[in-house]
Amino acid sequence: MKKNTKLYEIAAALLAPGKGILAADESDGTAGKRLAMVHLPNEPENRQDFREILFTAPGIEEYLSGVIMYDSSIKNFTDDGTPFPDVLTAKGIMPGIKVDLGTHELEGFRGEVVTQGLDNLAERFAEYYNLGARFAKWRMLVNIDEDETPTDEAMRINCIMMARYAHIAQSAGIVPIVEPEVIHDGDHSLQKAETVTTRALQILFSTLIEYKVDLQGLILKSSMVLAGSKHSEQTSPEAVANATLRTFHMSVPHECAGIVFLSGGQTPERSTQNLNAIAKMGEQPWPITFSFSRAIEEPVLKAWDGKKENEGKAKEALLQSCKANSQASLGRL
Ligand code: 13P
């Protein structure tokens, strides 16, 4: 593939020091789970209200380089009729788009799934580019369960789909984020999570290279390496930092533009502390920052409580959350 330096500029802007990415890319179904936390029904107006709080909060541009949206939100507007991506672009925040269409059961592989969404992807990218998107996200799931799950076969087919997505994105002038999410739920040990995450990332990067994806124009979105949420021994931030960085050094080529983290159902505090501990380990071959969804949105939802009169407080909670994670990404907490 011919080098497209424009992709490198986009990736560098997304990974600017002290900045991170807000993943506000819930499907309409998952957005309903957020709204249920504030006792609101999952209706388009409520989804729009929540997203408008997130995208219009004053000052967030100091800490956010990008926001990932979903098909229905990138095509939506504020109450005064401004398209959501234009609100973000005007602040200097890059609009991004989640393009995978969720997962289906992988027949023959108990409990394993394969991510969908390659059909018409080039056409969808052309539309999203025109709406302002300059980066995208595709998520594959890696569940840790018993001895034989995940299988290499399931990871490999997911990584091939991921490589196709990444290539199509780059051809459309869009920086792909590749997200192999190793699920935190379960009672596996930290060591098991490290082994599985290393294997998943090794398969992912060898497949991306085989299928000629330009790693300099690509961002990895990774889970932190954590003991399962139900495991008896939970892990200190230092142990998480050591295991996570060891994993990356075993699997992520230095050409990769950078690494961002999902929060994976950890509390906001824990996500921030773990990010801080990782940053405190010093400079790495890749820029590393946050791309949280739940860990950023939870405090916002609490402050909002679904009430118009709390919108100002909710925007302030978002700003504080972004600021804390920005500080953590610099190891300054
Ligand atoms: P969480 O931070 O809630 O894990 O979400 C990040 C994400 O993008 C999941 O796909």
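Position 1 is the first residue of the sequence, and the numbers go up from there. Atoms within each ligand, like the ligands themselves, are counted from 1 in listed order. If you're wondering where the values come from, they're calculated on a predicted model, not measured in any experiment. Reckoned from all heavy atoms, side chains included, excluding hydrogens, waters and symmetry mates.
In the model, Q266 has a side-chain atom that pairs as donor or acceptor with a side-chain atom of N274 under 3.5 Å. Checking E269 against Q273 by side-chain atom types alone, no donor-acceptor pair falls below 3.5 Å.
Note that CD1 of I177 and CZ of R139 are 13.5 Å apart. Values are rounded to the nearest 0.5 Å.
Across all their heavy atoms, H231 and D187 have their closest contact at ND1-O, 2.7 Å.
Residue contacts with ligand 1: F292 is placed with no nitrogen or oxygen under 3.5 Å of a nitrogen or oxygen of the ligand (distance criterion only). Checked by distance only, ligand 1 and S293 come closer than 3.5 Å through their nitrogen or oxygen atoms.
Side-chain contact check for L201 versus V252: some heavy-atom pair is nearer than 4.5 Å.
Residue contacts with ligand 1 do not include E297, since none of its heavy atoms lies under 4.0 Å from the ligand. Every heavy atom of K98 sits 4.0 Å or more from the atoms of ligand 1. Under the 4.0 angstrom criterion for non-hydrogen atoms, G264 is in contact with ligand 1.
Among all non-hydrogen protein atoms, the one lying nearest atom 3 (O) of ligand 1 is R294 NE, 2.6 Å. Protein heavy atom nearest atom 2 (O) of ligand 1, with residue, atom name and distance: S263 OG, 2.5 Å. Among protein heavy atoms, atom 9 (C) of ligand 1 sits closest to E179 OE2, 3.3 Å.
Note: H249 and W286 have tilted aromatic rings, judged against thresholds of 30 and 60 degrees for the angle between ring planes.
Those atoms of ligand 1 with a heavy atom of R139 less than 4.0 angstrom away are 10 (O). Proximity to K137 (heavy-atom distance under 4.0 Å) selects the following atoms of ligand 1: 7 (C), 8 (O), 9 (C), 10 (O). Less than 4.0 angstrom separates some heavy atom of A23 from each of these atoms of ligand 1: 8 (O). Against a heavy-atom cut-off of under 4.0 Å, K221 is close to the following atoms of ligand 1: 6 (C), 7 (C), 8 (O).
Looking at W138, its side chain never comes within 3.5 Å of a backbone N or O of M161 through a donor-acceptor pair.
Both the sub-6.0 Å distance and the 45° axial angle are not jointly satisfied by R164 relative to the ring of Y211.
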